[in-house]
Amino acid sequence: MVEHHLDPSSAHGRTNTLAQDFMSTPESGSSNFIRDLVAADRSAGKHGGRVVTRFPPEPNGYLHIGHAKSIVLNFGIANESPGGVCHLRFDDTNPTTENPEYVQAIQEDVRWLGFDWRGKLFHASDYFERLYAFAIVLIEKGKAYVDSLTADQIREHRGTLTEPGRNSPYRTRSVEDNLDLFARMRAGEFADGTHVLRAKIDMSSPNINLRDPILYRIRHAEHYRTGTTWCIYPSYDFAHPLSDAVEGITHSLCTLEFEDHRPLYDWVVAEADAPHRPQQIEFARLNLTSTVMSKRKLLELVSKKLVAGWDDPRLPTLQGLRRRGVTPEAIRAFCEHIGVAKRDAIVEMQLFEHFIREDLNKRSPRVMAVLRPLKVILDNYPEDVVEELDAVNNPEDISAGTRKVPFSRTLYIEQDDFKEDPPKQFYRLAPGREVRLRYGYIIKCMSATKDPQTGAVTELHCTYDPETKSGSAQEQRKVKATIHWVSASHAATATIRLYHPLLLPAPPQHSAEADWTGSLNPQSLELLTDCLVEPSLRSSSPGSRFQFERQGYFCMDPESSPEALLFNRTVSLKDTWAKVEKAQQVRPR
RNA sequence: UGGGGGAUCGUCUAGCGGUAGGACGCCGGCCUUUGGAGCCGGCUACCUAGGUUCGAUUCCUAGUCCCCCAGCCA
């Protein structure tokens with residue numbers, strides 16, 4: 001049954017989120033200093049009024065929520081500029097860390113997030129030949145030289161933060177010698193580490209990046225795309241600005257740590273006679289509480305098998321979030337909301353959860369599932385009767401219709417919904433008390449059966465009030481609580497994974513970075529077996545998202561099967577009672 | 001004790017010389033067949049000290065604190 005009533009409350013709710021409801025293209029973003037700057041450049045006719053941005057990941061890991069911020073910014077700015085475009089470029093200049101698995105995953109993730117590079121897919125490795133030619137230009141202008149110092153010697157010559165560096169004895173090599181040596185580097189005549197190509201700038205610069213930075217190094221390694229064609233590889237500081245220039249990037253957005261590379265970026269573009277001069281603008285990277293975001297730490301978790309893989313739902317990777325049930329819309333809305341600025345910031349995980357709930361609330365079908373079952377027998381309900389009760393699929397979306405849920409004499413409810421000795425403000429089931437069963441009847445608890453050994457409550461005997469059937473007009477009796485349930489003989493068994501923060505709230509302070517895994521939450525994964533879910537779930541498919549009423553949002557795992565249902569909890573519902581209960585523990589009754 | 005950046009509610013963020021606003025969170029209330037959702041109300045914020053100005057979060061000066069940089073990583 002599908003109704004099309006215009007529900008005033010949901011219609012009202014919709015006016016607030018109009019932009020998000022019509023997002024065949026992702027929502028246009030809120031204002032920030034970079035958007036303002038790009039808009040100003042465009043109206044001033046800078047770069048010919050064009051806007052070309054780029055998202056330039058190195059394919060040495062999986063994308064995470066921090067990358068999402070950059071993706072949303074770069075693609076967002078391009079998409080809202082007439083004729084604007086955002087390139088996807090793999091910054092693959094270091095053959096030892098990169099591999100095609102990551103390239104594939106990154107493309108998938110960008111698409112999943114809802115962005116389209118419109119055919120503008122590039123690799124820095126596409127430009128190796130051109131970059132080589134730019135290097136020749138530099139050498140010919142006397143702006144670059146081959147240095148034959150060892151790595152240690154180079155470090156030693158570089159000076160320190162407070163002391164200037166010293167010129168390498170090879171700094172004065174002739175252009176002819178440099179050309180010859182550089183050609184032989186390329187030809188493979190030299191071993192790794194024996195020579196590098198360096199920019200000739202200023203060894204006494206207060207900016208260490210300008211103390212003759214390394215432009216090329218020798219690496220006899222197989223590159224996942226160019227194989228063994230090359231044994232010299234350009235460094236980031238050389239490849240990045242020139243790749244931007246070659247692609248006609250107008251605004252090259254990157255994170256704060258590259259701020260003092262900007263003079264070098266500009267130097268490279270200018271001295272190499274690049275066809276175009278992009279503008280680098282820096283912004284603060286995203287930090288989130290109670291999780292890890294650095295590639296190094298994520299890789300460590302995965303390779304040490306501290307988590308199940310890159311798509312472990314506890315991880316802030318895009319694949320982890322997807323498997324957990326987070327939608328791309330929620331991620332985008334979050335990224336737009338947190339803003340873009342230059343100050344270091346740590347965003348609370350609760351803010352992210354808010355955007356996940358907000359999105360899932362509108363779209364998730366409701367369903368009943370009992371995570372920790374407690375048997376309930378309705379003593380006055382006939383043994384051979386099964387009623388099919390009408391249940392609303394989504395009160396936020398009447399067009400989602402209704403479904404039938406079987407009801408019978410023996411049911412299961414949540415253990416938490418019964419307390420033999422109820423504390424103050426607990427208004428669920430207790431001896432002698434009444435609650436409504438969602439979509440069903442009001443029931444009254446007559447007695448609790450206990451395990452003689454442990455004293456644990458094993459089953460409840462209740463009576464139901466036939467006059468109070470849901471939807472019947474005659475009985476308007478109110479009770480304080482409504483609880484969810486499943487019919488014992490109809491329910492399907494499921495395994496459910498609950499996720500808790502990856503990091504402990506207060507990380508042990510002792511040693512800083514070395515053993516950061518000490519602050520990992522050993523209880524980050526909670527596995528519940530023998531959960532009982534309503535039978536309609538048997539026919540749903542992996543990836544489907546639901547709200548388990550009164551509990552949270554759950555997503556059917558890819559490894560779920562009709563015989564072995566498996567769900568991941570995306571995020572819990574806000575739980576007012578949990579707060580009250582916690583407050584009571586601090587100051588009882 | 002070099003250079004580059006940054007400081008606004010608990011947390012993000014707006015402000016561009018004229019009443020410091022929004023979101024999350026938290027607290028209280030309303031409503032409710034989800035203690036959900038929704039609604040209403042509230043919450044000790046401009047780093048400090050001077051200066052300019054009728055008026056400064058905004059401009060100037062001097063401090064303080066925080067972040068980044070000494071990879072042949074990006």
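Just so we're on the same page: letters track the sequence lines, and every chain starts at 1.
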| With under 30° as parallel and over 60° as perpendicular, where do the rings of A:F407 and A:Y441 fit, or are they tilted in between? | tilted
| said: Give me the distance, rounded to whole Å, that separates B:rG42 from B:rU34 when you measure between the P atoms they each carry. | reply: 28 Å
| Side chains of A:N94 and A:Y236, donor plus acceptor under 3.5 Å | no
| request: Would you sketch RNA chain B in dot-bracket for me? Only Watson-Crick or G-U wobble pairs with both distances under 3.5 Å count, crossing pairs as [ ], other-strand pairs as |, the rest as dots. | output: .((((((..((((....[..))))((((((.......))))))...(((((..]....))))))))))).....
| field | Closest-nucleotide ordering on RNA chain B, the 5'-leading residue of A:S235 and A:L161 | value | A:L161
| field | Separation of the C1' atoms in B:rC54 and B:rG29, to the nearest angstrom | value | 44 Å
| message | Once you apply a heavy-atom cut-off of 4.0 Å, does A:Y427 come out as touching a base, just sugar-phosphate, or nothing? | response | base
| Contact class for A:I232 vs. all strands (heavy atom < 4.0 Å): base, sugar-phosphate, or nothing? | nothing
| query | Of all the nucleotides listed (B:rG36, B:rA70, B:rA74), which has the minimum atom distance to the side chain of A:E396? | reply | B:rG36
| request: Sticking with atom P, work out how far B:rG25 lies from B:rU32, rounded to a whole angstrom. | output: 23 Å
Got a list of protein N/O to nucleotides 58-60 of chain B N/O distances below 3.5 Å?
none

| message | Just to be sure I understand the rule, does A:R211 reach a base, reach only the sugar-phosphate, or reach nothing, if contact means heavy atoms closer than 4.0 Å? | response | nothing
| Hey, are A:Y553 and A:Q547 close enough side-chain-wise for a donor-acceptor pair under 3.5 Å? | yes
| query | A:F258 near the nucleic acid: base, sugar-phosphate alone, or nothing, with a heavy-atom cut-off under 4.0 Å? | reply | base
Please write out each protein N/O paired with an N/O of nucleotides 29-31 of chain B under 3.5 Å, distance rounded to 0.1 Å.
none

| request: Give one of base, sugar-phosphate or nothing for A:H261, where a contact means two heavy atoms less than 4.0 Å apart. | output: base
| message | Taking only the P atom of each, what is the distance from B:rG15 to B:rG22 in whole angstrom? | response | 15 Å
Enumerate all atom pairs, one protein N or O and one N or O from nucleotides 42-44 of chain B, separated by less than 3.5 Å.
none

| query | Do A:T482 and B:rU34 share a donor-acceptor pair, side chain to base, under 3.5 Å? | reply | no
| For A:Y216 and A:K480, take the nucleotide of RNA chain B holding the closest heavy atom to each; which residue's nucleotide lies nearer the 5' end? | A:K480
| task | Sticking with atom C1', work out how far B:rU64 lies from B:rC27, rounded to a whole angstrom. | result | 34 Å
| said: Just by distance, no angles: are the side chains of A:E549 and A:Y439 close enough, under 3.5 Å, to form a donor-acceptor pair? | reply: yes
| task | Would you classify A:F352 as touching base, sugar-phosphate or nothing, given that sugar-phosphate means primed atoms plus P, OP1 and OP2, and contacts are heavy atoms under 4.0 Å? | result | nothing
| message | Checking contacts here: which listed nucleotide (B:rA74, B:rU34, B:rG3) is nearest the side-chain heavy atoms of A:P206? | response | B:rG3
| For nucleotides 8-14 of chain B, read 5' to 3', which letter fits each nucleotide if B means a protein heavy atom sits under 4.0 Å from the base, S means only the sugar-phosphate is that close, and - means neither? | B-BSSBS
| Ring centre gap for A:F283 and A:F33 strictly below 6.0 Å | no
| Note: A:R357-A:E353 ion pair, threshold 4.0 Å (strictly below) | yes
| query | What does A:K579 touch in the nucleic acid at a heavy-atom separation under 4.0 angstrom: a base, only the sugar-phosphate, or nothing? | reply | sugar-phosphate
| message | Within a 6.0 Å radius of atom CZ on A:R173, are there more than 12 heavy atoms belonging to other residues, nucleotides or ligands? | response | yes
| request: Classify the nucleic acid contact of A:Q547 as base, sugar-phosphate or nothing, counting any heavy atom under 4.0 Å across all strands shown. | output: base
| query | Which of parallel (below 30°), tilted (30 to 60°) and perpendicular (above 60°) describes A:W577 and A:F426? | reply | perpendicular
Expected list for residues 338-345 of chain A: side-chain donor-acceptor pairs under 3.5 angstrom, two or more places apart:
{"from": "A:K342", "atom 1": "NZ", "to": "A:E259", "atom 2": "OE2", "distance (Å)": "2.7"}

| task | Report which part of the nucleic acid A:T255 touches: base, sugar-phosphate, or nothing (heavy-atom distance under 4.0 Å, all strands). | result | nothing
| field | Touch class at under 4.0 angstrom, heavy-atom based, for A:T93 against every strand present | value | sugar-phosphate
| task | With A:R186 as the cation and A:Y132 as the aromatic partner, state whether NZ or CZ is under 6.0 Å from the six-membered ring centre and within 45° of the axis. | result | yes
| query | B:rG17 and B:rC60: how far apart are their C1' atoms, nearest whole angstrom? | reply | 14 Å
| said: Does A:E282 reach a base, just sugar-phosphate, or nothing at all? Heavy atoms under 4.0 Å. | reply: nothing
| A:R477/A:D465 ion pair, N-O < 4.0 Å | yes
| Distance-only polar pair, side chains of A:S252 and A:R54, donor-acceptor under 3.5 Å | yes
| message | If only side-chain N and O atoms count, and only distance matters, is there a donor-acceptor pair under 3.5 Å linking A:D91 with A:H240? | response | yes
| task | Classify the angle between the aromatic ring planes of A:H261 and A:F258 as parallel (below 30°), tilted (30 to 60°) or perpendicular (above 60°). | result | perpendicular
| remark: Out of B:rU34, B:rG4, B:rG35, minimum distance to the side chain of A:L573 belongs to B:rU34
| query | Nearest to the side chain of A:I208, which nucleotide is it out of B:rA37, B:rC69, B:rA74? | reply | B:rC69
| query | Side chains of A:T150 and A:D152: donor-acceptor distance under 3.5 Å anywhere? | reply | no
| said: Regarding A:E58 and A:Y102, do their side chains bring together a donor and an acceptor under 3.5 Å, going by distance alone? | reply: no
| said: Base, sugar-phosphate or nothing for A:G165? Non-hydrogen atoms, less than 4.0 Å. | reply: nothing
| Do A:D390 and A:T402 meet the criterion of a side-chain donor-acceptor pair at a distance under 3.5 Å? | no
| query | Just checking A:R158: base, sugar-phosphate only, or nothing, at a heavy-atom cut-off of under 4.0 Å? | reply | sugar-phosphate
| message | Closest approach to the side chain of A:Y236, judged atom by atom: which nucleotide of B:rA37, B:rA74, B:rG5 is it? | response | B:rA74
| query | With a 4.5 Å limit on heavy-atom distance, are the side chains of A:V370 and A:H484 in contact? | reply | yes
| said: I'd like the C1' distance from B:rU8 over to B:rU57, given in whole Å. | reply: 7 Å
| field | For B:rG50, glycosidic torsion class - syn if within 90° of 0, otherwise anti | value | anti
| query | If we ignore angles and hydrogens, is there a donor and acceptor under 3.5 Å between the side chains of A:D237 and A:S235? | reply | no
| task | Classify the nucleic acid contact of A:R357 as base, sugar-phosphate or nothing, counting any heavy atom under 4.0 Å across all strands shown. | result | nothing
| Using the P atom in both, what is the distance from B:rC24 to B:rA62, to the nearest Å? | 42 Å
| field | Short side-chain N/O contact from A:T576 to OP1 or OP2 of B:rG36, under 4.0 Å | value | yes
